[in-house]
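Remarks on the structure that follows.
Counting starts at 1 for both ligands and their atoms, in listed order. Please read all numbers here as calculations on a predicted model, not as lab measurements.
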Amino acid sequence: MTRLADLHIHTHFSDSTSSPQEVIEQAHTNGISCIAITDHDTVDGVQPTIEEAKRHSIEVISGIELSSEINGKDVHVLGYLFDCKDKEFADKVKIIQGVRIERMREMIEKLKVLNIDNITLEEVCNLAESDSVGRPHLATKLVEKGWVNNIQTAFNKYLADGAPAFVSKFKQTPSEAIDMIRKAGGIAVLAHPMLTKVDELIPSFVKAGLGGIEAYYPNTTDTVMNFYEGLAKKHGLAVTGGSDAHGDAKKYTYIGKKTIPYELVEQLKSACNV
Ligand code: AMP
Ligand code: ZN
Ligand code: FE
Ligand code: FE
């Protein structure tokens, strides 16, 4: 039987509602034997998930999803197989998280100007098990306190890029994110290119050291996935995929919704070592 992998999974250390234990239970139930934890701007969920995985002999790969920006576009860069304890890497993650907390403070201030005055920094930060706090957490509080009916309205009215309570976060370019991952011994992969829509920039990312493309993604047609697989091959890049599961925070996907055969994990490992 083909071993299946899901290389894009979030935990409650960033903006998923799932604990490492829940992640492992779901991976086990859905027949996934290799997963990567790819939280936004934190690796705090990797080790606890490795511990949980021992009971089911599921392989857990170190991962992260770094935010970056170019030409005003958000570009998510996935990192795999790096050393989570690398000092330079860990220091940079701390800086990024510090900016996230400061930015959250500013967003809460902006909401106060709009008369939304009963949300505290502490309670928003408490929604994430790490310091990687973000807009989805603030959106959750806006819903919880009855200011809006759902997360999407929270974004549309207040938090979307350019909306009244929006504040931008730590700015690094995709090349800097790629560098950060490679210096820690990992391989950098362009996340969900079908959503990010920066195809014309891919050659420049490759020059900067990009090692792979996430061609397989949920709710995407075969035509689109085959296109990105072809693009990866054309540039000599590894091909990855995963569900981008966020527990109950994103109900349209779940662990195992999109899987890849384990051979692609082996190819990723080989590509990482060159
Ligand atoms: P942050 O990293 O704090 O800027 O939050 C980014 C996350 O917020 C994304 O990964 C999405 O989950 C969510 N998000 C960003 N923009 C929107 C939007 N316009 N509508 C809904 N969710 C959004
Ligand atoms: Zn997320
Ligand atoms: Fe993403
Ligand atoms: Fe993601």
Single hit among T221, T220, D199, D222 for side chain to side chain contact (heavy atoms under 4.5 Å, CB included) with F227:
D199
How far is atom 1 (P) of ligand 1 from its nearest protein heavy atom, and which residue and atom is that?
K169 NZ, 3.5 Å
Hey, is atom 13 (C) of ligand 1 under 4.0 Å from any protein heavy atom?
yes
Is the shortest N/O to N/O distance between S67 and ligand 1 below 3.5 Å?
no
Using modelled atom types only, decide if a donor and an acceptor are shared between the side chain of K145 and the backbone of N118 within a distance under 3.5 Å.
yes
Could you walk me through whether K92 and D86 pass the salt bridge (charged side-chain N to carboxylate O under 4.0 Å, His left out) check?
CA-CA 10 Å; K92 187 115 181 244; D86 180 273; over 6 Å; no
What does the angle at the Zn ion (ligand 2) come to, between atom NE2 of H246 and atom OD2 of D15, rounded to 10°?
110°
May I ask you to identify the nearest protein heavy atom to atom 19 (N) of ligand 1, giving residue, atom name and distance to one decimal place in Å?
A160 CB, 3.9 Å
Might you point out which heavy atoms bring I178 and F205 nearest each other, and give the distance in Å?
CD1-O, 3.8 Å
Which atom of H8 is nearest the Fe ion (ligand 4), counting N, O or S only? It is NE2
Here the pair of heavy atoms bringing F155 nearest to A163 is O-CB, 4.2 Å
When you compare the side chains of K171 and S168, does any donor N or O come within less than 3.5 Å of an acceptor on the partner?
yes
Any idea which atoms of ligand 1 are less than 4.0 Å away from a heavy-atom of G134?
3 (O)
I'd like to know if the side chain of Q97 and the backbone of K94 have a donor-acceptor N/O pair within less than 3.5 Å.
no
Using non-hydrogen atoms of the residue, decide whether H137 is closer than 4.0 angstrom to ligand 1.
no
Below the 3.5 angstrom mark, is there an N/O of H40, backbone or side chain, next to an N/O of ligand 1?
no
Does the side chain of T259 come under 3.5 Å of the side chain of D6 through a donor N or O and an acceptor N or O?
no
Is the ring centre of H8 less than 6.0 Å from the ring centre of H76?
no
So, of the N/O/S atoms that D244 has, which is the nearest one to the Fe ion (ligand 4)?
OD1
Of all the N, O or S atoms in H40, the one nearest to the Zn ion (ligand 2) is NE2
Grab the two heavy atoms, one from I35 and one from A27, that are nearest each other, plus how far apart they are.
CG2-CB, 4.0 Å
How many angstroms lie between CG in D15 and CD in E65, if you round to the nearest 0.5 Å?
8.5 Å
Ligand-residue contact atoms, ligand 1 with Q152, heavy atoms, under 4.0 Å:
20 (N), 21 (C)
Return the residue, atom name and 0.1 Å-rounded distance of the protein heavy atom closest to atom 18 (C) of ligand 1.
F155 CD2, 3.6 Å
Nearest N/O/S atom of E65 with respect to the Fe ion (ligand 4), by atom name, please.
OE1
Could you confirm whether H10 has any N/O/S atom lying under 2.8 Å from the Zn ion (ligand 2)?
no
Restricting to N, O or S atoms, which atom of H10 is closest to the Fe ion (ligand 4)?
NE2
Nearest non-hydrogen atom to atom 4 (O) of ligand 1 belongs to which of K250, H246, R100, R103?
R103
Protein heavy atom at shortest distance from atom 6 (C) of ligand 1
R135 NH2, 3.9 Å
